[in-house]
Amino acid sequence: ADVTLTAGGPKYSKPQLEAMMSGEDSTDPMEMMNPTENREMAGSVQTDAAGAFTFSDLAMRAYEVRADYRDQIATEGVMLAPFMKEHSIQLKLSNRGSIQGKVMNERGLPVEGAKVSPTKEHTFSPCNLQTQVTGMDGAFTFDNLEQGSWTFTVRADGYAPLRSDAVETGGVPITLT
């Protein structure tokens, strides 16, 4: 399988992280998990015959690990902190699905030009999919999503940002208002 590692969130030095964890620094350690800041590709490897892979010499920050094999995918969020010398995860590949929907305003009219971004539930890293912009009909479709629950963030000029409730892949089309 192809395994990619994407880093997200601010980078902190070991003394900064230790000060935050001990309470000496008032910065909230959960701030480190902001996946939308400073996203960058941190590495890519192939699994060995047993399905194992290794990334080494990583900075202390949030990461998304993503494995792709044929039509299956798995993702996992990982946070590396000073006390962690190594971290092991187990990824389970699953089939892909899709979610489609429409962005509508409070009067039930489609919102053109809304930016829709997916985030896999129970991870702190967004997926590697591009944000979609709705057309005149307010429609969006995300294909090839990992099976499971997803939330969507919608931003449109003249409207407050919106975050959807969790939506399962392969379910009925959703409407975001």
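Numbers here are sequence positions counted from 1. Here the structure is a predicted model, which is why all the values come from computation and not from measurement.
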Only counting residues at least two apart or in another chain, list the ones meeting side chain to side chain contact (heavy atoms under 4.5 Å, CB included) with [X].
X	answer
D48	A50, A52
T153	R155, R163
S44	T4
V45	V3, F53, F55

Got a second to check how far [X]'s [atom1] is from [Y]'s [atom2], nearest 0.5 Å?
X	Y	atom1	atom2	result
L145	W150	CG	CH2	5.0 Å
Y159	E106	OH	CD	5.5 Å
T47	D68	OG1	CG	11.0 Å

Quiz: residues 134-141 side-chain donor-acceptor pairs under 3.5 angstrom, not counting sequence neighbours:
from	atom 1	to	atom 2	distance (Å)
T134	OG1	V111	O	2.7
T134	OG1	G113	N	3.2
T134	OG1	A114	N	3.0
D137	OD1	A139	N	3.0

Apply side-chain contact (heavy atoms from CB on, under 4.5 Å) to residues F142 and F152 and explain how you reach the verdict. CA-CA 11 Å; F142 287 95; F152 294 88; 3.6 Å; yes
Listed partners of S117 passing side-chain hydrogen bond (donor to acceptor under 3.5 Å, both in side chains), at least two apart: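 Testing S117 for side-chain hydrogen bond (donor to acceptor under 3.5 Å, both in side chains), a comparison that skips the adjacent residues, returns T131.
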How close do V133 and K115 get, heavy atom to heavy atom, and via which atoms?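 Shortest heavy-atom separation between V133 and K115 comes out as CG2-CG, 4.1 Å.
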Taking side-chain contact (heavy atoms from CB on, under 4.5 Å) as the criterion, tell me which of T119, V154, T151 meets it with S164.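 Testing each of T119, V154, T151 against S164, the sole residue satisfying side-chain contact (heavy atoms from CB on, under 4.5 Å) is T151.
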